[in-house]
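Below you'll find the structure, written out as structure tokens, and then a few comments.
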Amino acid sequence: MTDHEPPRPRIQRKQDVLTRLAKEEDIWVATASADGEPCLVPLWFLWDVTGNDRPDAGTLLFCTKRNNPTARNLTPKGELRLSLGHTRDVVLIDGTAEKVEGTDLPTASADAFAAKLPWDPRDRTAWVYLRVTPRTVRAWNEEHELAQRVLMRDGEWLV
């Protein structure tokens, strides 16, 4: 991207975000402990649209060991931040996570996770799924796209 190219319209950015969520496998997950110790880790994920009639109405599903900081750090509110991309193609997602045991995860979601990624953790008791409901989504390439980077607010797409 250069400063000479016009910014993508918000509707295009939303489509680009949805495409990336469907295709990419890795996402950065940021949490913090109760005393403020930050934790940032990459995890495999699934953009889970099973059970939804709209492809833009989904949740992010990932899995981690239940004793890892990412799972332990979830506050009662379950707040965390997710990031896709590099510094010139950013997607930031603030959301709320809930822990879901493998035996409690809907079969369609567990099957979709196992189909996309090279493992199936649903029967591993040391692991727990985290289902993230996006609250805010921001996306931009470079400075010329900063002005309209917010694509979702309070869980609702703006476009």
Side-chain angles (χ1 to χ4, degrees), residues 6-32 39-66 68 70-71 73-124 127-141 145-159:
R8 293 171 294 167
R10 277 180 153 173
I11 192 72
Q12 181 62 51
R13 287 192 225 186
K14 176 184 173 185
Q15 187 55 54
D16 292 348
V17 167
L18 292 172
T19 298
R20 290 180 72 188
L21 288 170
K23 292 185 178 193
E24 291 195 26
E25 293 180 346
D26 302 308
I27 196 163
W28 287 99
V29 181
T31 60
C39 176
L40 178 65
V41 296
L43 293 174
W44 283 335
F45 80 98
L46 168 72
W47 176 242
D48 189 8
V49 296
T50 60
N52 296 316
D53 54 0
R54 293 183 7 233
D56 66 346
T59 58
L60 293 104
L61 186 65
F62 46 91
C63 195
T64 188
K65 285 192 173 179
R66 68 180 65 250
N68 281 350
T70 300
N73 287 349
L74 291 182
T75 66
K77 294 181 180 180
E79 295 176 2
L80 49 65
R81 177 166 284 167
L82 308 171
S83 178
L84 286 170
H86 52 80
T87 58
R88 291 198 171 104
D89 191 10
V90 178
V91 176
L92 285 181
I93 301 169
D94 291 330
T96 305
E98 63 175 315
K99 293 179 187 177
V100 182
E101 297 297 329
T103 55
D104 296 334
L105 190 68
T107 301
S109 295
D111 288 347
F113 189 91
K116 179 180 179 186
L117 304 165
W119 68 302
D120 186 349
R122 71 183 109 180
D123 63 348
R124 299 179 185 194
W127 295 78
V128 66
Y129 287 93
L130 301 178
R131 182 180 294 282
V132 177
T133 301
R135 187 178 59 255
T136 305
V137 175
R138 297 176 200 85
W140 69 94
N141 286 134
E145 288 192 351
L146 285 175
Q148 294 192 358
R149 66 185 171 264
V150 178
L151 303 178
M152 177 188 281
R153 183 179 292 124
D154 298 325
E156 297 292 327
W157 291 103
L158 302 178
V159 290

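This one's a predicted model, so the numbers in the text were calculated from it and none came from an experiment.
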Quick one: does [X]'s side chain have a donor or acceptor within less than 3.5 Å of a partner on [Y]'s backbone?
X     : Y      : result
Arg54 : Val49  : no
Asp94 : Arg81  : no
Arg13 : Glu145 : yes
Asp48 : Leu61  : no

task = Just do the side-chain contact (heavy atoms from CB on, under 4.5 Å) check on Leu151 and Leu158 with the steps written out, would you?
result = CA-CA 5 Å; Leu151 303 178; Leu158 302 178; 5.9 Å; no

Rounded to the nearest 0.5 Å, how far does [atom2] of [Y] lie from [atom1] of [X]?
X      : Y      : atom1 : atom2 : answer
Leu60  : Thr133 : CG    : OG1   : 9.0 Å
Asp56  : Trp47  : CG    : CH2   : 7.5 Å
Met152 : Thr136 : CE    : OG1   : 8.5 Å
Leu130 : Phe62  : CG    : CZ    : 5.0 Å
Leu74  : Glu79  : CG    : CD    : 10.0 Å
Trp127 : Asn68  : CH2   : CG    : 7.0 Å

task = Test Phe113 against Asp120 for side-chain contact (heavy atoms from CB on, under 4.5 Å), laying out the working first.
result = CA-CA 7 Å; Phe113 189 91; Asp120 186 349; over 6 Å; no

Sequence-distant partners of Phe45, ring-ring contact (aromatic ring centres under 6.0 Å, His included), two or more places apart = none

Full working for side-chain contact (heavy atoms from CB on, under 4.5 Å) between Arg138 and Val90 = CA-CA 8 Å; Arg138 297 176 200 85; Val90 178; over 6 Å; no

Could you pull out every donor-acceptor pair under 3.5 Å between side chains of residues 16-27 and any protein atom, sequence neighbours left out?
{"residue": "Asp16", "atom": "OD1", "partner": "Gln12", "partner atom": "NE2", "Å": "2.7"}
{"residue": "Asp16", "atom": "OD2", "partner": "Arg8", "partner atom": "NH1", "Å": "2.7"}
{"residue": "Thr19", "atom": "OG1", "partner": "Gln15", "partner atom": "O", "Å": "3.0"}
{"residue": "Thr19", "atom": "OG1", "partner": "Gln15", "partner atom": "NE2", "Å": "3.3"}
{"residue": "Arg20", "atom": "NE", "partner": "Glu24", "partner atom": "OE2", "Å": "2.7"}
{"residue": "Arg20", "atom": "NH1", "partner": "Asp89", "partner atom": "O", "Å": "3.2"}
{"residue": "Arg20", "atom": "NH1", "partner": "Asp89", "partner atom": "OD1", "Å": "3.3"}
{"residue": "Arg20", "atom": "NH1", "partner": "Asp89", "partner atom": "OD2", "Å": "3.4"}
{"residue": "Arg20", "atom": "NH2", "partner": "Glu24", "partner atom": "OE2", "Å": "3.1"}
{"residue": "Asp26", "atom": "OD1", "partner": "Trp44", "partner atom": "NE1", "Å": "3.3"}

Taking every non-hydrogen atom, the tightest pair across [X] and [Y]:
X      : Y      : result
Val128 : Ala71  : CG1-CB, 4.2 Å
Leu46  : Lys116 : CD1-CD, 3.8 Å
Leu80  : Ala97  : CD2-CB, 3.8 Å
Arg122 : Ala114 : NH2-CB, 4.1 Å
Gly58  : Pro134 : O-CD, 3.6 Å

Between side-chain atoms of residues 101-108 and protein atoms elsewhere (two or more places apart, or another chain), which donor-acceptor pairs fall under 3.5 Å?
{"residue": "Glu101", "atom": "OE1", "partner": "Arg66", "partner atom": "NH2", "Å": "2.6"}
{"residue": "Glu101", "atom": "OE2", "partner": "Arg66", "partner atom": "NH1", "Å": "3.0"}
{"residue": "Glu101", "atom": "OE2", "partner": "Arg66", "partner atom": "NH2", "Å": "3.4"}

message = Would Ile11 and Trp157 count as a side-chain contact (heavy atoms from CB on, under 4.5 Å) here? Give the steps.
response = CA-CA 10 Å; Ile11 192 72; Trp157 291 103; over 6 Å; no

message = If you count every heavy atom of other residues, nucleotides or ligands that lies below 6.0 Å from Lys99 atom NZ, does the total exceed 12?
response = yes

request  = Please tell me if the side chains of Pro7 and Gln148 come closer than 4.5 Å, counting only heavy atoms from C-beta onward.
outcome  = no

query = Do we see a donor-acceptor contact under 3.5 Å between the side chains of Ser109 and Thr50?
reply = yes

